[in-house]
Asker: 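Before I ask anything, here is the structure I am working with.
Within every chain, numbering begins at 1; the chains are lettered A, B, ... in the order of the sequence lines, protein sequences first and strands thereafter.
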Amino acid sequence: MSVELDVFVGNTTIMDKEVYQLWLNGYTVNDAVTLRIEGGVMEECEVLLSDTMDQYRTFQMCERLLHHPAKLANQLLFQIPPDRQAMLIERYYAFDDLFVREVLGKKLSKGTKKDLDDVSSKTGVMLKSCRRQFDNFKRVFKVVEELKGPLVENIRQHFLLPDQLARDYAAIVFFANNRFETGKKKLLYLTFQDFAFCAGQLINNWTLGAVDNMMEDMDVDLDKEFLQDLKDLKILITDKDLLDQHKSLVCTALRGKTNVLNEMEANFKNLSRGLVNIAAKLINAKDVRDFFIDLVEKFIEPCRSDKWTSVDVNLYLTHYTNSAHILDTFKHHSVWTRYMGVIKSCILKMYHE
Amino acid sequence: MPGKLKAKIVAGRHLPVMDRASDLTDAFVEVKFGNVTFKTDVYPKSLNPQWNSEWFKFEVDDEDLQDEPLQITVLDHDTYSANDAIGKVYIDIDPLLCSEAATVISGWLPIYDTIHGIRGEINVLVKVDLFNDLNRFRQSSCGVKFFCTTSIPRCYRAVMIHGFVEELVVNEDPEYQWIDRIRTPRASNEARQRLIFLMSGELQRKIGLKVLEMGGNAVVGYLQCFDLEGESGLVVRAIGTACTLEKISTLPATATLPSNSSPSKDIKEPVFGEEGPGVPLSSGPPTPLRAQTFSSFSPSKSYSRQSSSSDTELSLTPKTARIFLSPSTPALESESSSLPSVHLPHHFRPGMASWSSTPPPLHVSQSDTAMLRKSVSFSEELLLAASGMGSGGSAGKEAGPLKALLRQQTQSALEQREYPFFTLTSFPPGFLLHLGGVVSARSVKLLDRIHNPDEPETRDAWWEEIRQEIKSHTKALGCHAVVGYSESTSICEEVCILSASGTAAILSSRFMQDGPLETDHRLSRQPLVFSTGSERVDGDMGSTASLGFEEMVPPGCEFCHIPYDELNIPFPAQLTYCCCCRRYKVPDVLFTTIDLPTEANITGKGCLIQARLCRTKKKAQGEGNAMAISNLLPFLEYELHTQLMNKLKLRGMNALFGLRIQISVGETMLLGLASATGVYLTALPSPGGIQVSGKTPSDITYEQHISNMQKKINDTIAKNKEVYEINPPEVVEEIIGSPIPEPRQRSRLFRSHSESSDEVSEIDLSHGKKDAFVLEIDDTDAVEDIHALLTDSPTPAGFYSCNTEIMPGIQNWTSAIQMFTSVRVFRLNNVNLTNQGLNKVFSDLCENLLKSLYFKLRSLVPCCLCHLNFTVAIPEDELIQVAVTAVAMSFDKELTLENGKQSGDKSLKKENDEQLQFNLELNAEMSSSNLSSPKGLTEVGSHPSAKAPSVDYSSFADRCSSWIEQLRLKAHTIRRGSVKTTSSLEKASPLPEGRSRSLRSNRSYSGSSVAVVRMTPLSFIPGAKIIKYLGIINMFFIRETTSLKEEGGVSGFLHTFIAEVFAMVRAHVAALGGNAVVSYSMKECVFMENPNKNQAQCLINVSGDAVIFVRESEVEAASVHPQSAATQTSNGEGT
């Protein structure tokens, strides 16, 4: 004796948030039933099984619509209230920070997808869920890649995502496009949110779209012209006078405001060289990839070994940036501001004491 | 040639990829009506083609307009090979033929393919120009309105209720034609779909003609069914009630609603009132007259029976009589171990095409002799009763001659009709005078091929017999009409069980016309009625007050008073005096097939009561099979009846409404499912308990066992009384007792009756004792019954359920509704099941299904599952299929107590509930930011137009909410920083709602949208007012698959299909301009599978009424409260 067929269809599609989450997390029907029993929703296994199967089926049917969230709103098959639609979309596109940290900056290719089982076992996120998240990244990437206009806005419009989630996706797309290295051992201490913040800074300041809204393809790629201009900053370290002058200006300004003034003075030339060299090399795609590792190696690590506090770093970078403007022979003020603004906020975000 | 049909193909969207190479489609459309076909241009390489075609015009007869659907086929153009069909849309243009219904069909309709399901959507425009031809009604019946609703539709009033209309058409089933062997499944399915569309169109037209003949203009309670008889053909049949309806203009209707009435009142109104409270129900008699007219049909002694012809017929055919009389008899049951049989075990009818009738089945096994004896004696009683009635007029000794005359008028009005049947289940107040009980008839037939489709006489004759039988049962119950009438069939191979059931009743003549008379005649007759009425009043005042007048009888008990002569009770019943008025006799229990009358007095709440039964049967062929089935039927019915009775008593209730007994036949078993809603009618005596007794009292352990059981039963009864709030009737009596000093009245009545008969006083004596219903558990059946009784799991807290329109005892519905369909198929792997085993399996199946439903809908608590309609079938040998369609409606708990005080909170709650179901966080935040003054906000929005009684409803369709817009809107709002900005902006600007809404819509994305369409099996939408009926929705779909596994197995396949059917119904309703379907039902769900071949096929037939409703709050203040303002973002009005 067995139930051969068991369906429940509501005029308004009934969806249980809890079951939806279990489905998204990649649990099988049976596991989900066990979890629900443990959760104490209901004791009767039969009823739960029937309900869970039903919901899973509904989600599976909805899944193809969720791939194009705009379709969800004007399809006729399921009558889903708008708040539910928003919930479905938001949760479907939600991701685990742990998982995204693993694939951040990697090429969203089949090769990467094949390695997802490793990622799954490493992060504890179920493979099914990993695949969904990966496919989401890839889908968003593909759609946005070909669109004009601001990246975050495009994502929000096309995938009807809430603001924060759209920003996170923008970061993921940006990282994937520029293939930033994030997996090196020295970078492992950084969370996804650290990177997402940096990505936001880069998108807002260093891309073509940051200058001119009407340009094509602007938010995903860095502004080539700007990168070219960055080479000019080299003068800050190649011109000995300029370097000394800069150093004395900074040190004078910092006097009495920090406990690590000596270390700052001693390290000034090294640090300045580090930052300016990063700027000068950014024109090469390969060095763009190493942007974050460079920041860590050339600036964050030395500071940390000298036990600077975040306040110290902030002070130092503020004065370092401002003093350059006072230098007589330094002419590249706008490039310098554009560069250092991002560098400063990225470093501050990445500087964990 | 009185009609011009015009169609325009606008665009398509979401089309499937038909060309793998380009991942695109070259789509074009064929528009076909009758034999004329038009084509659009090919729109190359697009999944969202914009055809924007010219208007295709078809000049056709209105007869064809009624019969034929407009057929739209979307194809993919292929240069080298045949064009591939993408899918089809059938559009029923009937709603356009009636001036009061829809005027245009416009919108996105799903393109449907029987193999692939929905494949994109197409946007079409359809209009009809009917020429004003005086002879318009000659061959066609354009203009007759059809309603599935089984009550007078909300925005109409009944001028006249003409009576029963029926028709059936037959045809060969394309699936069984020879050509089916060579054509594709798709072609075969399409032929079938098209044929059924045609047949239902034809059927509707023919019924319409009959209605016109009777002088009516509408069919209410239209019930159309398909009998898939397999080899022998396809029968489409329909029954309905012809009426003359008059539209209540929205203006006065709105005016009757007090503009500042409390929301609770508004909610109640649609639940009860057929119309606004102050609207006169009939244009004819004024109120005082009405009451007098009723009083002339007061019960008991008063009636005389003139039509001897039908009585004779009854006495001639006792052998075919099979009554399922509901008021059964505990007294009887206590005296004979098993059987208060009110069914006679003879199911053979002298059918024309079936096997001829045989004498009563005397070969019934020994153990059943008691029953047989009982039934024989019963049929004697029946005869007696009949002859008693035949001899006639003497019974009316107490009545004045005028009264008898009046009675005869109604009577003859009804008897002139062939069948005084009404498919309605609820009536205008005052129409229903008395209820006799359930009458039903079944007949087993052998199907044979329908040779000549144009002469469906055989099927007609079968139904005629059944109806005659119902009619004679009705007479036996002293009634002249049948209400809540319905017909059904169950087919297995070549055997077919035809069933009909209804409730015998006595009706008021107020809405009826005797014979096909002209209206002026009727009018001229009315003064006569008036004068006789008043005369009678005078006369009665002077003489016997015992007859009483309706004015003095507290309303709500009248319909319970027995319609039959208590001296010649047609069946053994225990009569007592009505607990409400103490003047008339009432039965101890009352079973009916109708909804609870609105005026009924009830105590506590009601609940769903089901009796379930499974009986094995030997496999047999032909006549033998039919014989075996008809032998089983009476036992099945009897047991179902006993189960119902037990369960009713267990819940401490005394009446059943909406009783529906379904008997399904399979090759090796018969399934019986009886569903009804139990209530405690205040007028009826309190039911006695259930007493368990054993036959061998010597055994001590056995005694203990019995007393344990007895205790359990008593506990359950006590608990149920608490759950359903059935307080002791004594209290109730005091509350709603008659205004006349009770003791005096009672004694007088007693006296007057004891004068008339000793029998009465005898029964009267037994009243006080409250006899227990005795179950002897030596009887294995009884043990089974007790188990069944006690294994029914109670409904979880916060849930109520019923199979009637509304839950007796609950009124304060919120607007949150959730309609659903659930289907389960159960496989019995173990073939050698006993009856008991089968029963348990079947019962568990139903119980588990209910449990699942409660669990699913837990978020709506407190809520009630209304109109729980179970359909059982045996699709294959070892399969049991149960399908349920119902609606879950949530209600406010507290409000029953403090109606007035909480009215403010109430509107708030209403809003919240709405949001629960259908809202956007945006709105939730908006209203929560305004929690303190929901009223104020409404007023701000509606400032200029507040209190204007009329609303422009024409734009309503445009105002239907669109989700995509809201989503976009939401994104917008968030981007702009704060949600509250919007709401405060809204608050600040005292714009009329239309303007403020269009402001919003401008801001939002103005692309395509999906309107919300509500669906409900009920005839109303809580908290809303139906302002227009757009026409009947009657759709038939076939879905087939040859890749069952890939589609998620049988469950995945059916899940998708049902969702698709819902989607298509919603889309068609939206295209008609509606925003809801009421009286929705899934009348057929035939599912067949062949997992080995990876195949499955399913047929679904749904129907309902497309309507436009507006929220009551909107009607009230001619405005939209903040929440709906957002929901109904317009896309048409934006400027």
Asker: I'd like to verify something: which residue of M819(B), H1055(B), K851(B), H14(B) has the highest number of heavy-atom pairs under 4.5 Å with chain A?
Answerer: H1055(B)
Asker: So what's closer than 4.5 Å to chain A heavy atoms on T1056(B): side chain, backbone, both or neither?
Answerer: both
Asker: Evaluate L48(A) against F855(B) for side-chain contact (heavy atoms from CB on, under 4.5 Å), listing each step before the verdict.
Answerer: CA-CA 8 Å; L48(A) 275 178; F855(B) 179 70; 3.5 Å; yes
Asker: For the residue pair V3(A) and V825(B), establish whether any side-chain heavy-atom pair is separated by less than 4.5 Å.
Answerer: no
Asker: With a 3.5 Å distance limit and no angle check, can you tell me whether S1051(B) reaches the backbone of D6(A) through a side-chain donor-acceptor pair?
Answerer: yes
Asker: Quick one: which of R1014(B), R1066(B), Q818(B) gives a side chain to side chain donor-acceptor pair (under 3.5 Å) with N11(A)?
Answerer: R1066(B)
Asker: Looking at every non-hydrogen atom in both residues, tell me the closest pair between F1062(B) and V9(A) and how far apart they are.
Answerer: CE2-O, 3.5 Å
Asker: Side chain, backbone, both or neither: which part of A1059(B) has an atom under 4.5 Å from a heavy atom of chain A?
Answerer: both
Asker: Given a strict heavy-atom distance threshold of 4.5 Å, which part of E44(A) is in contact with chain B: side chain, backbone, both, or neither?
Answerer: side chain
Asker: Pick from R827(B), Q881(B), R824(B): which one makes a side chain to side chain donor-acceptor pair (under 3.5 Å) with E4(A)?
Answerer: R827(B)
Asker: Quick check on L77(A) against chain B: is it the side chain, the backbone, both or neither that has a heavy atom closer than 4.5 Å?
Answerer: both
Asker: Should the pair R858(B)-D16(A) be classified as a salt bridge under the 4.0 Å nitrogen-to-oxygen rule?
Answerer: yes
Asker: May I ask you to decide if N848(B)'s main-chain N or O and E46(A)'s side chain share a donor-acceptor pair within less than 3.5 Å?
Answerer: no
Asker: About how many Å separate CG of L76(A) and CZ of R13(B), when rounded to the nearest 0.5 Å?
Answerer: 5.5 Å
Asker: Around M53(A), counting heavy atoms of other residues, nucleotides and ligands shown, do more than 12 lie under 6.0 Å from its CE?
Answerer: no
Asker: Please report the interatomic distance OG(S859(B)) to NZ(K17(A)), rounded to the nearest 0.5 Å.
Answerer: 11.0 Å
Asker: Taking 4.0 angstrom as the limit, do D54(A) and K856(B) come out as a salt bridge?
Answerer: yes
Asker: Using atom types as modelled and distance alone, determine if a side-chain donor or acceptor of S822(B) lies under 3.5 Å from a backbone N or O of V7(A).
Answerer: yes
Asker: Could you state the interatomic distance from CG (L853(B)) to CZ (F8(A)), rounded to the nearest 0.5 Å?
Answerer: 6.0 Å
Asker: What part of E1060(B) gets within 4.5 angstrom of chain A, counting heavy atoms only: side chain, backbone, both, or neither?
Answerer: both
Asker: Within the 4.5 Å heavy-atom criterion, are L857(B) and I14(A) side-chain neighbours or not?
Answerer: yes
Asker: F1087(B) versus chain A, heavy atoms under 4.5 Å apart: side chain, backbone, both or neither?
Answerer: side chain
Asker: Go through V823(B), I118(B), V1050(B) and name the one with the most non-hydrogen pairs under 4.5 angstrom from chain A.
Answerer: V823(B)
